[in-house]
Participant: 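Have a look at this one.
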Amino acid sequence: MRLTILGGGGFRVPLVYGALLTDHAEGRVTEVVLHDLDERRLRAVSRVLAEQAAGIPDAPTVNATTDLDEALRGAGFVFSAIRVGGLEGRAEDERVALAEGVLGQETVGAGGIAYGLRTVPVAVDIARRVARLAPDAWVINFTNPAGLVTEAMSRHLGDRVIGICDSPVGLGRRIARVLGADPNEAFVDYVGLNHLGWVRGLRVAGRDELPRLLGDPALLGSFEEGRLFGADWLRSLGAVPNEYLHYYYFNRETVRAYQEAGQTRGAFLRDQQARFYEEAADPGRSALRAWDRTRAEREATYMAENRESAGAGEREAEDLSGGYEKVALALMRAIARDERATLILNVRNRSTLPVLDAEAVVEVPCLVDASGAHPLAADPLPAHATGLVCAVKAVEREVLAAAESGSRTTAVKAFALHPLVDSVTVARRLVERYTEVHPGLAYLG
């Protein structure tokens, strides 16, 4: 089976390939095709993968290309992990937003809108090419903002595009560990949008164990989200939010922490990865060791400003090993081998959340089999969560409309309607500045 990875020169590709190397079941991936526009990055990542595969019999072959159509032909699965504008673009998203006093994070608020406006036209082009060149392929979307991009692609691929994120999985596993449960045996009642969801229950052998967690201050303070949000706030909510909701619930503190930081997250990753790619290009050095060292630093500093503003301390060792590649492979196995699995995924809503239409992409538990991912029925969200989900989905729809029409007015509307952008005047200035610094937004008239 052929797996094509778009954004194949990306830093996290070795995570996926490393997971493939441990997969020896029937029907596994035999060929990996890396596609990227940057040949230097492709060469560096190919070196890492070659070192990973050294001494492993029947390791999937790796081929790299800058030709998108060539990469797509014959693919059984396509992993889309592109970054339009690169990390320099992310750094600009953050810088422009923070200068206006609003959040510039890559998927949340102004930064997420700017990134979405750059990415959606490219993602739509990819979806159309897949439909033409590999109509039987399944597309697994890693590209952020994952829910928004998946919805854009679903308009051309239907249910054959599925978005993934490791945040809900990591959250569910942390809660299960705190409660002394086996994460593999627990059902996580998680509902929302990508980077905007809540764990409302965690069932083990049919019993909901979340009330036990919410009623115990010591347990609440013993894991990352408990320290990040605070026990009192979690008890008030009666749920455990995805870590990205810290940007909403503690927005002033987070924006201030980001403004006071010596370097934004995007700028840090830009500089860090530039060093990695330079080192990985040196034939006298181990590309794999350079990647391992860089990855460990990347994971340890994830959401550092949020944790610092909340006094949450360092990340737990168990949370430093990534996880999105495991979700992707579990999804791929379930479809390719018809191995039924329950996974939290980004899929079209159908009737899961009645407050949203059937085509809206939501992030919910799904039953996966050879016919794809099927969202499970869910209880309604409480009013406070419903309001936030509906507001952010409305913003996503304006982003999609702006990307399709090229309307600058619609782009301003998308920014202005976001809960974390507090002024129409600020929204207009954001669109003006983003179109100045991003060539990829030149289409906005």
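When reading the values below, keep in mind they use all heavy atoms of this one structure, side chains included, and skip hydrogens, waters and symmetry mates.
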Participant: Does E94 form a side-chain hydrogen bond (donor to acceptor under 3.5 Å, both in side chains) with Y258? I'd like the steps, not just the answer.
Facilitator: CA-CA 9 Å; E94 294 164 339; Y258 273 68; over 6 Å; no

Participant: Between N349 (side chain) and L356 (backbone), is there a donor-acceptor pair under 3.5 Å?
Facilitator: yes

Participant: For R155, I'd like to know if atom CZ has over 12 heavy atoms of other residues, nucleotides or ligands within 6.0 Å.
Facilitator: yes

Participant: Please lay out, stage by stage, how E253 and R256 fare under the test salt bridge (Lys or Arg N to Asp or Glu O under 4.0 Å).
Facilitator: CA-CA 5 Å; E253 294 86 348; R256 184 165 58 249; 5.3 Å; no

Participant: Are F11 and R298 close enough that some pair of their side-chain heavy atoms sits under 4.5 Å apart?
Facilitator: yes

Participant: With no hydrogens and no angle check, is any side-chain donor or acceptor of E106 less than 3.5 Å from a backbone partner on Y115?
Facilitator: no

Participant: Could you tell me which non-hydrogen atom of A152 sits nearest to which non-hydrogen atom of L400, and how far apart they are?
Facilitator: CB-CD2, 3.5 Å

Participant: Checking V84 against T143 for the side chain to side chain contact (heavy atoms under 4.5 Å, CB included) test, could you report, in this order, the C-alpha distance in whole Å, the side-chain angles of both residues, the deciding distance, and whether it holds?
Facilitator: CA-CA 9 Å; V84 179; T143 300; over 6 Å; no

Participant: Assess whether a salt bridge exists between R212 and E209, defined as any Lys/Arg side-chain N lying under 4.0 Å from an Asp/Glu carboxylate O.
Facilitator: yes

Participant: Would you confirm whether N242, through its side chain, and L245, through its main-chain N or O, come within 3.5 Å as a donor-acceptor pair?
Facilitator: no

Participant: Which distance, rounded to the nearest 0.5 Å, do you find between the CZ of R12 and the CZ of F79?
Facilitator: 12.5 Å

Participant: Answer yes or no: is there a side-chain heavy-atom contact under 4.5 Å between L117 and F415?
Facilitator: yes

Participant: Check whether any side-chain heavy atom of F223 lies under 4.5 Å from a side-chain heavy atom of L179, and answer yes or no.
Facilitator: no

Participant: Determine, using ring centers only, whether Y249 and W233 are less than 6.0 Å apart.
Facilitator: yes

Participant: Looking at A71, is its backbone amide N or carbonyl O close enough to the side chain of T4 to form a donor-acceptor pair, meaning the two atoms are under 3.5 Å apart?
Facilitator: yes

Participant: Do you know which two heavy atoms are closest between L343 and A330, and how far apart they sit?
Facilitator: CD1-C, 4.0 Å

Participant: Tell me whether R200 is salt-bridged to D208, with the criterion being a basic N under 4.0 Å from an acidic carboxylate O.
Facilitator: no

Participant: Measure the spacing between CD1 of I82 and NE2 of H35 and express it to the nearest 0.5 Å.
Facilitator: 10.0 Å

Participant: Are a donor atom and an acceptor atom from the side chains of T150 and N141 found within less than 3.5 Å of each other?
Facilitator: yes

Participant: With heavy-atom distances below 4.5 Å as the criterion, would you say the side chains of L171 and R174 are in contact?
Facilitator: yes

Participant: Looking at Y434 and D93, would you say the former's side chain and the latter's main chain have a donor-acceptor pair under 3.5 Å?
Facilitator: yes

Participant: How about V191 and D189: do any of their side-chain heavy atoms sit closer than 4.5 Å?
Facilitator: yes

Participant: Is a side-chain N or O of S154 found less than 3.5 angstrom from the main chain of L157, in a donor-acceptor match?
Facilitator: no

Participant: Do you know the tightest heavy-atom contact between G9 and V45?
Facilitator: O-CG2, 3.4 Å

Participant: So, H418 side chain and L420 main chain: donor-acceptor pair closer than 3.5 Å or not?
Facilitator: yes

Participant: Is it true that a side-chain atom of T107 and a backbone atom of P145 form a donor plus acceptor pair closer than 3.5 Å?
Facilitator: no

Participant: C390 pairs by side chain to side chain contact (heavy atoms under 4.5 Å, CB included) with which of V355, L193, L353?
Facilitator: V355

Participant: Check whether T386 reaches the backbone of L381 with its side chain - one donor and one acceptor, N or O, closer than 3.5 Å.
Facilitator: yes

Participant: Strictly below 4.0 Å, N to O, side chains only: are D125 and R128 in salt-bridge contact?
Facilitator: no

Participant: P419 and L388: which non-hydrogen atoms are nearest, and at how many Å?
Facilitator: CG-CD1, 4.0 Å

Participant: With no hydrogens and no angle check, is any side-chain donor or acceptor of Y17 less than 3.5 Å from a backbone partner on P60?
Facilitator: yes

Participant: For L72 and V78: C-alpha separation, side-chain torsions, deciding distance, then whether side chain to side chain contact (heavy atoms under 4.5 Å, CB included) applies.
Facilitator: CA-CA 8 Å; L72 292 175; V78 177; 4.0 Å; yes

Participant: Kindly determine whether Y244 and Q105 satisfy side chain to side chain contact (heavy atoms under 4.5 Å, CB included), including the steps that lead there.
Facilitator: CA-CA 10 Å; Y244 281 81; Q105 205 275 336; 3.5 Å; yes

Participant: Starting at CG of N144, measure out to SG of C165 and round the result to the nearest 0.5 Å.
Facilitator: 7.0 Å

Participant: Above 12 or not: heavy atoms from other molecules or residues under 6.0 Å from CD of E404?
Facilitator: no

Participant: Under a 4.5 Å cut-off applied to non-hydrogen side-chain atoms, are L98 and T264 in contact?
Facilitator: yes

Participant: Test side chain to side chain contact (heavy atoms under 4.5 Å, CB included) on N346 and I164; report intermediate values, then the result.
Facilitator: CA-CA 6 Å; N346 287 268; I164 69 166; 5.8 Å; no

Participant: Show the nearest heavy-atom pair for residues L148 and G116, with the distance to one decimal.
Facilitator: CD2-CA, 3.8 Å

Participant: What distance separates M153 CE from E151 CD, expressed to the nearest 0.5 Å?
Facilitator: 13.0 Å

Participant: Considering only heavy atoms from C-beta outward, does the side chain of V29 approach that of R2 to under 4.5 Å?
Facilitator: no

Participant: Can you name the nearest heavy-atom pair linking A110 to L430, along with the distance?
Facilitator: CB-CD1, 3.9 Å

Participant: How long is the span from the OG atom in S351 to the CG atom in D357, to the nearest 0.5 Å?
Facilitator: 12.0 Å

Participant: Between R350 and D159, does any NZ, NE, NH1 or NH2 come within less than 4.0 Å of an OD or OE carboxylate oxygen?
Facilitator: yes

Participant: Please examine the side chains of L234 and D232, heavy atoms only from C-beta on, and report whether any two atoms are closer than 4.5 Å.
Facilitator: no

Participant: Between the side chains of E359 and R348, is the shortest nitrogen-to-carboxylate-oxygen separation below 4.0 Å, so that they form an ion pair?
Facilitator: yes

Participant: Got a second to check how far I335's CD1 is from R340's CZ, nearest 0.5 Å?
Facilitator: 13.5 Å

Participant: Set out, in order, the CA-CA distance, both residues' side-chain angles and the distance that settles side-chain hydrogen bond (donor to acceptor under 3.5 Å, both in side chains) for D369 and H374, then state yes or no.
Facilitator: CA-CA 8 Å; D369 56 22; H374 314 284; 3.2 Å; yes

